[in-house]
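Below: the structure, in structure tokens.
Residues: numbered from 1 along the sequence shown. Start at 1 and go down the list; that is how both ligands and their atoms are numbered.
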Amino acid sequence: MAVTTKRKAGAAKTVPGLRPGEFIRVLISSARIKTRLQQLARDIRRDFPTEPLHLIGVLKGSVFFLTDLARELGGEVSFDFLSVSSYGHGIDSTGEVKLIKDLDVSIEGKTVVVVEDILDTGLTLKYLLRFFEEKKPKHLRVVVLLDKVERRIADVRAQYTGFVIPNEFVVGYGLDFDERYRNLPDVCMLQFASRGKAKSD
Ligand code: PRP
């Protein structure tokens, strides 16, 4: 598993859409993401060499990760999306998660790989795993691009992890701040002039 530390982050850079007082530093470059996705795809295919894989993306942050990973996976691949909203990620939150958009097709009997951009407290994934398990897939696995291990509250884990990252506010490659920055090609740290840095996603 790749571990990314703050020391590897680059200097502040200017990107289109940057607002006054906001600073962006690359944490994981698009080149590193591409290489890691190839390894993740190999790991998944090693476990399921011939099985059709049904990818489930959790909107919206996982969109680029899912589409890039799907193209690295050989063999038969299908995908679906669902959307949930969570009410706060803080330690005092109830962890309540609400389904906003359900799956389009049944997952019964399928080899399902849940695709998440980031695993933080784990409360969303805990809800999703219970939700999916009730639908009786043949296999249920999780792949996450980023894992903020130190933020975990729920006892959940992904079978496949791209990068373990520090507790920094990250944007890009699907991740947002107020819906902005999702289209950055790299995973970046977003910092603020007045506040130093944001507390969490
Ligand atoms: C992010 C991410 C996970 C969740 C993880 O979604 O995609 O679904 O947070 O957090 P947790 O482990 O603390 O539950 P977000 O709510 O930011 O929505 P988005 O994907 O639409 O940006």
If the cut-off is 4.0 Å to any non-hydrogen atom of [X], which atoms of ligand 1 fall inside it?
X: L59; value: 20 (O), 21 (O)
X: G61; value: 19 (P), 20 (O)
X: T121; value: 11 (P), 12 (O), 13 (O), 14 (O)
X: D117; value: 2 (C), 7 (O)

Under 4.0 Å from ligand 1, counting heavy atoms only, is it the side chain of [X], its backbone, both or neither?
X: R182; result: side chain
X: R151; result: neither
X: D176; result: side chain
X: T124; result: both

Any chance the rings of F177 and F192 have centres within less than 6.0 Å?
->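 Ring centroids of F177 and F192 are less than 6.0 Å from each other.
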Note, D68 side chain near E72 side chain (heavy atom, < 4.5 Å) =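 No, every pair of side-chain atoms sits at 4.5 Å or beyond.
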Donor-acceptor side-chain pairing of Q39 and R36 below 3.5 angstrom =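 Indeed, the side chains of Q39 and R36 share at least one donor-acceptor pair under 3.5 Å.
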Option of least heavy-atom distance to atom 3 (C) of ligand 1 (set: K60, E116, R152, K148) =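 Minimum heavy-atom distance to atom 3 (C) of ligand 1 goes to E116.
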Proximity winner for atom 5 (C) of ligand 1, if only heavy atoms of I118, V97, L128 are counted =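 Of the listed residues, I118 has the closest heavy atom.
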Considering only distance and modelled atom types, tabulate donor-acceptor pairs under 3.5 Å from the side chains of residues 152-159, sequence neighbours left out.
from, atom 1, to, atom 2, distance (Å)
R152, NE, V156, O, 3.4
R152, NH1, D120, O, 2.8
R152, NH1, D147, OD1, 3.2
R152, NH2, D147, OD1, 2.7
R152, NH2, D147, OD2, 3.0
Q159, OE1, V142, N, 2.7

Can you name the closest pair of heavy atoms from I56 and L66 and give their distance?
->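 Smallest interatomic distance, heavy atoms only, reads C-CD1, 4.0 Å.
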Closest heavy-atom pair and its distance - Y173, L145 |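 Heavy atoms only, the tightest pair is CD2-CD2, 3.5 Å.
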Tell me, please, which residues at least two apart from F23 pass ring pair (Phe, Tyr, Trp, His ring centres under 6.0 Å).
->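 If we apply the ring pair (Phe, Tyr, Trp, His ring centres under 6.0 Å) test to F23, skipping adjacent residues, there are no hits.
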